[in-house]
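All remarks here apply to the structure that follows.
For clarity, every value in this text was computed on a predicted model and none was experimentally measured. Atom set for the values below is all heavy atoms of this structure, side chains included, hydrogens, waters and symmetry mates excluded.
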Amino acid sequence: MLFRSPRAGDYVNATAVFDVDAIGLIRVIAGMNRGLDATGSSIGEPTSFCVGVALNPAAEEPAREMERFLAKVEAGARWVQTQPVYDLEVLERFFATTRSPIPLLVGIMPLHSSRHAEFLHNEVPGISVPDGVRARMKEAGERGLRAGVEMAQSMLHEVRARHAGAYLMPSFGRFEVVAEVLDALR
């Protein structure tokens, strides 16, 4: 494979991809929405991207997460989605001192079993499944999926009353489980 420096193309001030973090990328996209490239030169017709960002309300360093979140908003983010949330109190604590200045979509991922809950909690960075939820899943035993769907349905009702919305994540490609969660809206 032949490596070619970005400076060899049409943009002599271009740099390698590692020069821009998430906040920098949001600034670039916001500039494109104003009809400008990263160097401030015209790109012609402005783009119309609607920039969304991720948020981990259960981050180990919540102050740093909030700082980065607010920097993303200032850079041009227009909506935010959370990692899967299993207890809205975690989200309320995260936003205890400031409200989200942009619409907040809460991630909901139905749990399938106690093993699934433990795996997400212990092995997947950014996901925290509270002790009480893991205990309920363990107690549910063979009815773990039913308990997971019920908890997700309850969470969906709570989110709709408090936030801009929710988005549902199927695990294991089980879209029918998400459809079952949505049945609670009828």
Query raised in the report: Out of curiosity, E67 CD to I23 CD1, how far, rounded to the nearest 0.5 Å?
Result: 8.0 Å

Query raised in the report: If Ile, Leu, Val, Met, Phe, Trp and Tyr residues are connected whenever their side-chain heavy atoms lie under 4.5 Å apart, and connections chain through other members, are V178 and V149 in the same group?
Result: yes

Query raised in the report: Just wondering, do M137 and M151 contact through their side chains at under 4.5 Å, heavy atoms?
Result: yes

Requested in this report: Using a cut-off of 6.0 Å, state whether more than 12 heavy atoms not belonging to E61 lie near its atom CD.
Outcome: no

Report task. Taking the side chain as every heavy atom from C-beta outward, state whether L120 and L111 have any atom pair closer than 4.5 Å. Result -> yes

Report task. Report the distance from atom CG of L182 to atom CZ of F175, rounding to the nearest 0.5 Å. Result -> 12.5 Å

Report task. Working to the nearest 0.5 Å, report the span between OG of S42 and CZ of R34. Result -> 12.5 Å

**Report entry** Over all atoms of both residues, closest heavy-atom pair of P62 and F94
**Finding:** O-CE1, 3.6 Å

Report summary line: Here the gap from R136 atom CZ to S114 atom OG, rounded to the nearest 0.5 Å, amounts to 13.0 Å

Report summary line: In short, V133 meets Y86 closest at the heavy-atom pair CG2-O, 3.7 Å

Query raised in the report: Of all heavy-atom pairs between A75 and A30, which one has the smallest distance, and what is that distance?
Result: O-CB, 3.5 Å

Requested in this report: Kindly say whether G107 contributes a backbone atom to a donor-acceptor pair with the side chain of T82 at under 3.5 angstrom?
Outcome: yes

**Report entry** R162 atom CZ, neighbour heavy-atom count above 12 within 6.0 Å
**Finding:** yes

Query raised in the report: Donor-acceptor pair, N56 side chain versus Q83 backbone, under 3.5 Å?
Result: no

Report task. Return yes if some donor-acceptor pair links the side-chain N/O of H116 with the main-chain N/O of L145 below 3.5 Å, else return no. Result -> no

Report task. Can you see which heavy atom on M155 is nearest to which on V85, and at what distance? Result -> CE-O, 3.6 Å

**Report entry** Flag side-chain contact, heavy atom, 4.5 Å: E150 against R143
**Finding:** yes

Query - I102-V51 co-clustered via ILVMFWY side chain contacts under 4.5 Å - result: yes

**Report entry** H121 side chain to V129 backbone, donor-acceptor under 3.5 Å
**Finding:** yes

Query - Between CZ on residue F69 and CG on residue L104, distance to nearest 0.5 Å - result: 7.0 Å

Query raised in the report: Using the ring of each side chain (for Trp, its six-membered ring), is H112 parallel, tilted or perpendicular to F172, with breaks at 30° and 60°?
Result: perpendicular

**Report entry** Shortest non-hydrogen contact from A59 toward E65
**Finding:** CB-CB, 3.8 Å

Query raised in the report: When rounded to the nearest 0.5 angstrom, what distance separates CD1 in I108 from CG in L156?
Result: 4.5 Å

Query raised in the report: S48 and N33: which non-hydrogen atoms are nearest, and at how many Å?
Result: N-OD1, 3.3 Å

Report task. Compare all side-chain heavy atoms of S128 with those of V90 and state whether any distance is below 4.5 angstrom. Result -> no

Report task. Might you confirm whether atom CZ of R134 has over 12 heavy atoms from other residues, nucleotides or ligands at distances under 6.0 Å? Result -> yes

Query raised in the report: With a cut-off of 6.0 Å (strictly less than), are more than 12 heavy atoms of other residues, nucleotides or ligands near CD of E92?
Result: yes

Report task. Using a cut-off of 6.0 Å, state whether more than 12 heavy atoms not belonging to Y167 lie near its atom OH. Result -> yes

